[in-house]
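Residue numbering restarts at 1 for every chain, and letters A, B, ... go by the order of the sequence lines. All values below come from the heavy atoms of this structure, side chains included, with hydrogens, waters and symmetry mates left out.
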Amino acid sequence: MPELPEVETIVRELRTRLTRRRVESATVERADVVHGDPRPLDALIAGRLVKTVDRRAKRIIIELTRNLRLVFHLGMSGRLTIDDHDNPIAKHTHVRIGFGREIGELRFRDPRRFGGVWVLTDAGEYVGKRLGRLGPEPLELAAKGFRRILASRRQIKALLLDQSKIAGLGNIYTDEALYAAGVHPMTPADALVEPIAGQLLRAIKQTLRRAIRARGSTLMDYRTVDGQTGSFQRQHRVYGRTGQPCRKCGAPIERIIVAGRSTCFCPRCQPL
DNA sequence: CGCATTTCCTGGAGGC
DNA sequence: TGCCTCCAGGAAATGC
């Protein structure tokens, strides 16, 4: 399940391989995963060059010439890969964007279809409707901004998962960061006063940076653009370790439901 | 408006 | 082996 580190890994690879390349064709196999400008994608983007590849929270933004952006969201099971044109097309491949023969084909595959691509031809629509409701990037967040976010009675886990408050964390990195800071996931956010709030922000940033360095966590679906797995799952302290001993204190890791999500934590290192 | 709950979807796991 | 049920979860939609 791609969160910020997985998406950042994908963006870096796409940037290296696609910047300044020319789109030659586009094929939509499933129209209902494509949103935004309703005109046929092939006619719309063929001939344009890739100007930039960037990330906002968990979204991948491919900017083409003449003010057109393709915004990919991978949802749960989405993958973006670059394949040779004649590679077999995997099941649930919904969109293919062809580049030159020596580059290959960008393929968007998403079995569960929680993801999609937004074709944005107007900057206003892009900022206002799609990305306007996203909170700040956690890696760019200062202590003051974080304290403002914490001014709520909600459980800290629910708050960190709320993309309109802070954008990019998902279930894995929320659990890992809370463990690293020694904070129980059900703690009311406004109970986190200094120095704990600062510790938590540092834990969030450190967890994300380490995960990016390991090219993300592969549990099931996630792969990098060239099909490799990430390796951060080997450094997980709580996520997916239910019943196994805490690496700090030896107590068994527990799994509970918080904010409707399965939540792993150490009852001894993260007391309420 | 803010926040909690429900809903979408498929593949894989586990029970029998 | 085959069939069934359950579960994973990002975020939009819905319901207070």
Enquirer: Using a 4.0 Å cut-off on heavy atoms, which residues in residues 154-173 of chain A reach DNA chain C? List them by number, or say none.
Expert: Q163(A), N171(A)
Enquirer: T263(A): which residues meet the side-chain hydrogen bond (donor to acceptor under 3.5 Å, both in side chains) condition with it, sequence neighbours left out?
Expert: K157(A)
Enquirer: With a 4.0 Å limit, can you tell me whether S77(A) has a side-chain N or O closer than that to the phosphate oxygens OP1/OP2 of dG11(B)?
Expert: no
Enquirer: With under 30° as parallel and over 60° as perpendicular, where do the rings of F232(A) and Y173(A) fit, or are they tilted in between?
Expert: tilted
Enquirer: Please give, in whole Å, the distance from dT5(B) P to I257(A) CD1?
Expert: 12 Å
Enquirer: Taking atom C1' of dT10(B) as reference, at what distance in whole Å does atom CG of L74(A) sit?
Expert: 16 Å
Enquirer: Touch check for R261(A), heavy atoms < 4.0 angstrom, all strands: base, sugar-phosphate only, or nothing?
Expert: base
Enquirer: Here's one to test your reading of the geometry: is the NZ or CZ of K248(A) within 45 degrees of the ring axis of Y179(A) and under 6.0 Å from its centre?
Expert: yes
Enquirer: Between P on dG11(B) and CG on D110(A), what's the gap in Å once rounded to a whole number?
Expert: 11 Å
Enquirer: Check whether any side-chain N or O of H73(A) sits under 4.0 Å from OP1 or OP2 of dA11(C), and answer yes or no.
Expert: yes
Enquirer: Just compare dC8(B), dA11(C), dT10(B) and give me whichever is closest to any side-chain atom of F114(A).
Expert: dC8(B)
Enquirer: Mind checking whether L68(A) and R48(A) have side chains closer than 4.5 Å, heavy atoms only?
Expert: yes
Enquirer: What donor-acceptor contacts under 3.5 angstrom involve side-chain atoms of residues 195-215 of chain A, with partners at least two apart or in another chain?
Expert:
from: K205(A); atom 1: NZ; to: L141(A); atom 2: O; distance (Å): 2.7
from: T207(A); atom 1: OG1; to: A203(A); atom 2: O; distance (Å): 2.7
from: R215(A); atom 1: NH2; to: Q228(A); atom 2: OE1; distance (Å): 2.6

Enquirer: Output the distance between atom CE (M76(A)) and atom CZ (R113(A)), rounded to the nearest 0.5 Å.
Expert: 14.5 Å
Enquirer: With a cut-off of less than 4.0 Å, is there a side-chain N or O of K91(A) near OP1 or OP2 of dT10(B)?
Expert: no
Enquirer: What's the CZ-P distance between R79(A) and dC9(B), to the nearest Å?
Expert: 21 Å
Enquirer: So does S152(A) get a side-chain nitrogen or oxygen closer than 4.0 Å to the phosphate oxygens (OP1/OP2) of dG2(B)?
Expert: no
Enquirer: Would you mind reading off the distance between R113(A) atom CZ and dA12(C) atom P, rounded to a whole angstrom?
Expert: 18 Å
Enquirer: In this structure, how many angstroms lie between the C1' atom of dG9(C) and the CD atom of E3(A), rounded?
Expert: 10 Å
Enquirer: Tell me: CD1 of I60(A) to C1' of dG10(C), nearest whole Å?
Expert: 14 Å
Enquirer: For dG10(C), does either OP1 or OP2 sit under 4.0 Å from a side-chain N or O belonging to R112(A)?
Expert: no
Enquirer: Under 4.0 Å between a side-chain N/O of H92(A) and OP1 or OP2 of dG11(B), yes or no?
Expert: yes
Enquirer: Whole angstroms only, please: what is the CZ-C1' distance between F72(A) and dG10(C)?
Expert: 18 Å
Enquirer: Using the side chain to side chain contact (heavy atoms under 4.5 Å, CB included) definition, which of the options I45(A), T65(A), L64(A) pairs with V50(A)?
Expert: L64(A)
